[in-house]
Amino acid sequence: MSATQTHTISILTENRSGSLSRISGLFSSRGYNITSLSVAETEDPATSRMTIVVTGEEGILEQIVKQLNKLVDVIKVVDFMEDPIIERELLLIRVDASKSNRHEIVETANLFGAGVAAVSVGAVTLELIGTTQKIDDFVMMLKPYGIKETVRSGAVAIAKPKK
C-alpha cells in the first residue's frame, strides 16, 4: 500500500467551458477530495492554469496525473511533489471587534503582515497573503476574538526558479 501524501498539481489547460468539470471529475471519480482548487486565465486568454492540492495514495495520484495528461483540453500537468515551489494563498477574514480590542486585533494583523481591508462599528476585515501554514496560524490567533466569516482563495503555486 502506498503512503498518503499531499500533492500540489499545476495544470495548464485550454480555456474552454467544461474543462474544470472534466479535470475535477477525475479526482472525485476515484474518491479523492480536492483540498484546494484555484483556477484563472493565464497571460494568454486562451489558456487557464489550475492549481489543485489533494491528499492521497501516491500510486493512485500518479495514475490520475497520467489520465489528466490524456484529456483533450489539458496542455501540461506538473506534480510539484519533487520540485521546490513558491506557494501562496489569499485570506479575507472578518473578526468581531469592539473599540476596546480593535487595536489588539490590528496589532496581531501587523505581526503577520496582514492589512486592514475594512472597518465597521462591530467588526474588522483583514486580508493576508501567505503560505497555507501562515494563514492557518493567523486564523488560530484570531479565533479568541470571534471570527464572523472567512474566505480563502486556495493555494496557487509556481516552481522556484533554478539557479
Side-chain angles (χ1 to χ4, degrees), residues 1-95 109-118 125-142 147-163:
M1 182 179 232
S2 302
T4 300
Q5 295 185 327
T6 299
H7 288 245
T8 301
I9 300 168
S10 175
I11 304 165
L12 184 64
T13 183
E14 292 181 23
N15 194 2
R16 291 190 192 160
S17 177
S19 293
L20 174 60
S21 177
R22 284 186 289 282
I23 290 168
S24 63
L26 280 177
F27 292 90
S28 64
S29 68
R30 280 151 189 82
Y32 281 100
N33 183 43
I34 294 173
T35 306
S36 168
L37 185 141
S38 180
V39 60
E41 205 173 81
T42 67
E43 65 283 355
D44 175 3
T47 63
S48 291
R49 176 157 328 270
M50 294 181 196
T51 305
I52 298 175
V53 179
V54 65
T55 301
E57 291 181 22
E58 192 168 342
I60 294 171
L61 288 173
E62 284 175 11
Q63 290 300 316
I64 291 172
V65 168
K66 286 178 185 175
Q67 290 175 351
L68 285 169
N69 277 305
K70 293 178 183 177
L71 291 177
V72 174
D73 296 346
V74 172
I75 299 165
K76 183 178 181 181
V77 179
V78 178
D79 184 347
F80 289 124
M81 198 60 207
E82 304 290 323
D83 302 323
I85 61 172
I86 300 166
E87 174 252 354
R88 298 291 184 269
E89 189 174 341
L90 167 68
L91 168 74
L92 295 172
I93 185 167
R94 185 171 301 121
V95 181
N110 288 337
L111 286 171
F112 280 84
V116 176
T125 302
L126 305 166
E127 59 187 6
L128 177 64
I129 297 172
T131 64
T132 300
Q133 185 60 57
K134 181 178 182 178
I135 288 177
D136 289 345
D137 293 346
F138 185 55
V139 170
M140 289 301 295
M141 291 296 292
L142 294 175
I147 296 172
K148 289 186 168 196
E149 186 175 7
T150 62
V151 179
R152 293 175 77 154
S153 66
V156 293
I158 191 169
K160 282 189 178 178
K162 294 182 174 140
K163 296 183 179 189

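What you see below is based on every heavy atom in this structure, not just the backbone, and it leaves out hydrogens, waters and symmetry mates.
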Discussion item. Testing the basics here: between S10 and F80, what is the closest heavy-atom pair and its distance to 0.1 Å?
Written reply: CB-CE1, 3.5 Å

Practice prompt. For the residue pair E89 and L91, establish whether any side-chain heavy-atom pair is separated by less than 4.5 Å.
Written response: no

Fill in: Pairing residues for E43 by the side chain to side chain donor-acceptor pair (under 3.5 Å) criterion, not counting sequence neighbours
none

Practice prompt. Answer yes or no: is there a donor N or O on one side and an acceptor on the other, between the side chain of T13 and the main chain of S48, under 3.5 Å?
Written response: no

Worksheet item: How many angstroms lie between CG in D73 and CD1 in I11, if you round to the nearest 0.5 Å?
Response: 11.5 Å

Discussion item. Please determine whether side chain to side chain contact (heavy atoms under 4.5 Å, CB included) holds for the pair T150 and L92, giving the CA-CA distance in whole Å, both sets of side-chain angles, and the decisive distance to 0.1 Å.
Written reply: CA-CA 6 Å; T150 62; L92 295 172; over 6 Å; no

Fill in: Residue pair S38, S153: steps toward the side-chain hydrogen bond (donor to acceptor under 3.5 Å, both in side chains) verdict
CA-CA 7 Å; S38 180; S153 66; 5.7 Å; no

Response to the item:
So CD1 of I52 and CG of D79: to nearest 0.5 Å the spacing works out to 11.0 Å

Worksheet, complete the sentence: Note: A155 and S36 closest approach over all heavy atoms is N-OG, 2.7 Å

Worksheet item: If you measure from NZ on K148 to OG1 on T125, what distance do you get to the nearest 0.5 Å?
Response: 9.0 Å

Response to the item:
Note: F27 and I23 closest approach over all heavy atoms is CD1-O, 3.5 Å

Worksheet item: Closest heavy-atom contact between T42 and R49?
Response: CG2-N, 3.6 Å

Discussion item. Between S19 (side chain only) and N15 (backbone N and O only), is there a donor and an acceptor less than 3.5 Å apart?
Written reply: no

Worksheet item: Is there a side-chain contact between V53 and T132, using heavy atoms and a 4.5 Å cut-off?
Response: no

Practice prompt. Heavy atoms only: give me the nearest S17-R22 pair and the separation to one decimal.
Written response: O-NH2, 3.6 Å

Worksheet item: Just how far is it from atom CZ of F112 to atom CG of L142, taken to the nearest 0.5 Å?
Response: 7.5 Å

Practice prompt. Might you point out which heavy atoms bring K160 and I85 nearest each other, and give the distance in Å?
Written response: CE-O, 3.5 Å

Worksheet item: Taking atom CD1 of I158 and atom CD of E87, what is their separation to the nearest 0.5 Å?
Response: 13.0 Å

Fill in: Steps toward side chain to side chain contact (heavy atoms under 4.5 Å, CB included) verdict (R88, T131)
CA-CA 5 Å; R88 298 291 184 269; T131 64; 3.9 Å; yes

Practice prompt. Find the distance between NZ (K66) and CD1 (I64) and round it off to the nearest 0.5 Å.
Written response: 12.0 Å

Practice prompt. Report yes or no: does S21 contribute a side-chain atom to a donor-acceptor pair with the main-chain N or O of G18 at less than 3.5 Å?
Written response: no

